[in-house]
Amino acid sequence: MVRGMSENVYLVGMMAAGKSTIGRLVATRLGLAFYDTDRVIEERAGADIAWIFDREGEPGFRRREEHVVDELTRAERVLVATGGGAVLAQCNRQRLKRRGTVVYLHTAPEVIAERVRGDRHRPLLQVGDVGGRVDALCREREPLYRDAAHIVVDVGRRPARVVAADVIDALQGHTSAKP
């Protein structure tokens with residue numbers, strides 16, 4: 001494990017920021033178990049997120065998400081990639097912050113919009129103006145990501161392996177001080 005770092009690492013950031021891909025790479029390098037909260041929710045529900053949103057609405061999905069975040073942040077030696085909206089709940093932000101090192105994968109709205117254009121599996125983006133919706137979500141969530149984060153790493157259009165190396169470097173240099 002990285003000296004001076006909490007045992008657990010939590011990745012936060014917008015949808016399509018690369019949390020799952022980068023998270024798997026970092027977890028492998030650090031010898032941590034990897035979890036993706038969205039995948040855990042889908043496995044337990046036996047259905048995809050779009051179905052959960054359709055049947056239970058966003059509030060139902062967020063309740064499931066709070067439960068999974070609470071459970072996974074109690075585990076040891078894990079790297080958890082959270083869903084893009086996990087930071088909306090203050091209890092999630094507090095649990096993440098208290099129980100490990102939170103890394104915010106910052107990605108510009110235009111990069112997110114490019115990555116999700118045409119994606120039919122993201123319930124919050126089933127709108128006419130995807131770019132406008134992404135901009136609005138970024139404006140709403142940016143302060144929450146920064147509130148939760150101990151470390152901020154810019155993703156940009158860089159390859160996942162390069163960003164993963166930056167995350168590991170940042171974790172190695174991390175102290176308890178917040179950026």
Side-chain angles (χ1 to χ4, degrees), residues 5 8-30 32 34-42 48-50 53 58 61-62 65 68-69 72-73 78-90 92-93 96-97 100-174 178-179:
M5 186 187 98
N8 294 338
V9 178
Y10 309 120
L11 301 182
V12 300
M14 279 295 292
M15 63 182 85
K19 296 181 301 289
S20 296
T21 302
I22 293 162
R24 281 186 193 90
L25 293 169
V26 173
T28 298
R29 287 270 314 272
L30 298 181
L32 301 173
F34 174 78
Y35 295 94
D36 177 312
T37 59
D38 287 348
R39 296 302 77 79
V40 171
I41 292 166
E42 287 179 332
D48 67 14
I49 291 171
F53 263 74
E58 187 172 359
F61 174 78
R62 297 295 173 208
E65 185 174 58
V68 168
V69 167
L72 292 177
T73 58
V78 297
L79 187 147
V80 178
T82 63
V87 297
L88 295 172
Q90 183 177 6
N92 285 344
R93 292 193 309 275
L96 293 166
K97 215 169 173 176
T101 302
V102 182
V103 179
Y104 168 30
L105 297 180
H106 176 265
T107 311
E110 60 272 11
V111 174
I112 297 295
E114 288 170 15
R115 291 179 180 176
V116 299
R117 203 165 306 285
D119 188 333
R120 300 286 175 233
H121 300 288
R122 298 183 188 272
L124 294 177
L125 297 182
Q126 302 313 304
V127 297
D129 179 12
V130 171
R133 180 67 172 142
V134 167
D135 282 341
L137 289 170
C138 286
R139 278 193 311 277
E140 173 191 14
R141 295 175 180 182
E142 173 76 12
L144 303 176
Y145 294 135
R146 289 196 182 270
D147 177 57
H150 297 101
I151 298 169
V152 178
V153 174
D154 187 53
V155 174
R157 290 182 172 86
R158 300 179 307 141
R161 63 180 169 67
V162 173
V163 177
D166 285 353
V167 168
I168 292 167
D169 288 346
L171 289 167
Q172 289 173 332
H174 175 70
K178 192 173 172 184

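Numbers here are sequence positions counted from 1.
- Residues satisfying the side chain to side chain donor-acceptor pair (under 3.5 Å) test with R161, not counting sequence neighbours, are none.
- By the 4.5 Å heavy-atom criterion applied to side chains, I49 and E42 are counted as neighbours.
- Shortest non-hydrogen contact noted between A17 and V155 is O-CG1, 3.6 Å.
- Every residue two or more places apart in sequence or in another chain was checked for a ring-ring contact (aromatic ring centres under 6.0 Å, His included) with F34, and none qualifies.
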**Study point:** Derivation and outcome, side chain to side chain contact (heavy atoms under 4.5 Å, CB included), residues T73 and Y10
**Key:** CA-CA 8 Å; T73 58; Y10 309 120; 3.5 Å; yes

Practice item. Might you work through the side chain to side chain contact (heavy atoms under 4.5 Å, CB included) test for V103 and V9, ending with a clear yes or no? Key: CA-CA 7 Å; V103 179; V9 178; 4.2 Å; yes

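- Listed for the R93 side chain is a donor-acceptor partner under 3.5 Å among the backbone atoms of V87.
- Although no hydrogens or angles enter the test, the distance criterion places a donor-acceptor pair under 3.5 Å between the side chain of K97 and the main chain of D147.
- Listed by chain and residue number, R146 satisfy the salt bridge (Lys or Arg N to Asp or Glu O under 4.0 Å) test with E142 (two or more places apart in sequence, or in another chain).
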Exercise for review: Check the pair M14, L137 against side chain to side chain contact (heavy atoms under 4.5 Å, CB included), reporting the backbone distance first and the verdict last.
Suggested key: CA-CA 8 Å; M14 279 295 292; L137 289 170; 3.8 Å; yes

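- Distance check, rounded to the nearest 0.5 Å: CG of D48 to CG of D38 gives 11.0 Å.
- The OG1 atom of T82 lies 9.0 Å from the CG atom of L105; values are rounded to the nearest 0.5 Å.
- A160 meets the side chain to side chain contact (heavy atoms under 4.5 Å, CB included) test with T21, I22, L25; sequence neighbours excluded.
- Inter-residue side-chain proximity for L88 and L144 is flagged as met; some heavy-atom pair is nearer than 4.5 Å.
- Minimum interatomic distance between D135 and P109 (heavy atoms only, all atoms of both residues): OD1-CB, 3.1 Å.
- We find that D36 and R24 are not joined by a salt bridge, their nearest charged nitrogen and carboxylate oxygen being 4.0 Å or further apart.
- Y145 places a side-chain N or O within donor-acceptor distance of the main-chain N or O of G13, the cut-off being under 3.5 Å.
- V78 places none of its side-chain heavy atoms less than 4.5 Å from the side chain of L72.
- The ring-ring contact (aromatic ring centres under 6.0 Å, His included) check on F61 picks up F53, with sequence neighbours excluded.
- Evaluation of the salt bridge (charged side-chain N to carboxylate O under 4.0 Å, His left out) test over residues 162-172, restricted to residues two or more places apart or in two chains, returns R158-D166.
- Atom CD1 in I41 sits 8.5 Å away from atom CZ in R62 (nearest 0.5 Å).
- E114 meets the side chain to side chain contact (heavy atoms under 4.5 Å, CB included) test with R157; sequence neighbours excluded.
- V162 has its side chain within reach of P159: a pair of non-hydrogen atoms, C-beta onward, lies under 4.5 Å apart.
- Remark: A108 pairs with E110, V111 by the side chain to side chain contact (heavy atoms under 4.5 Å, CB included) rule, at least two apart or across chains.
- For D154, the side chain to side chain contact (heavy atoms under 4.5 Å, CB included) partners at least two apart in sequence or on another chain are H106.
- No donor-acceptor pair closer than 3.5 Å links the side chain of T37 to the backbone N or O of V69.
- Closest of all the heavy-atom pairs between A170 and V153 is CB-CG2, 4.3 Å.
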Practice item. Please test V102 against V12 for side chain to side chain contact (heavy atoms under 4.5 Å, CB included), starting from the C-alpha separation and ending with a verdict. Key: CA-CA 7 Å; V102 182; V12 300; 3.9 Å; yes

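- R29 pairs in a side chain to side chain contact (heavy atoms under 4.5 Å, CB included) with only one of the listed residues (I168, V167, L79), which is I168.
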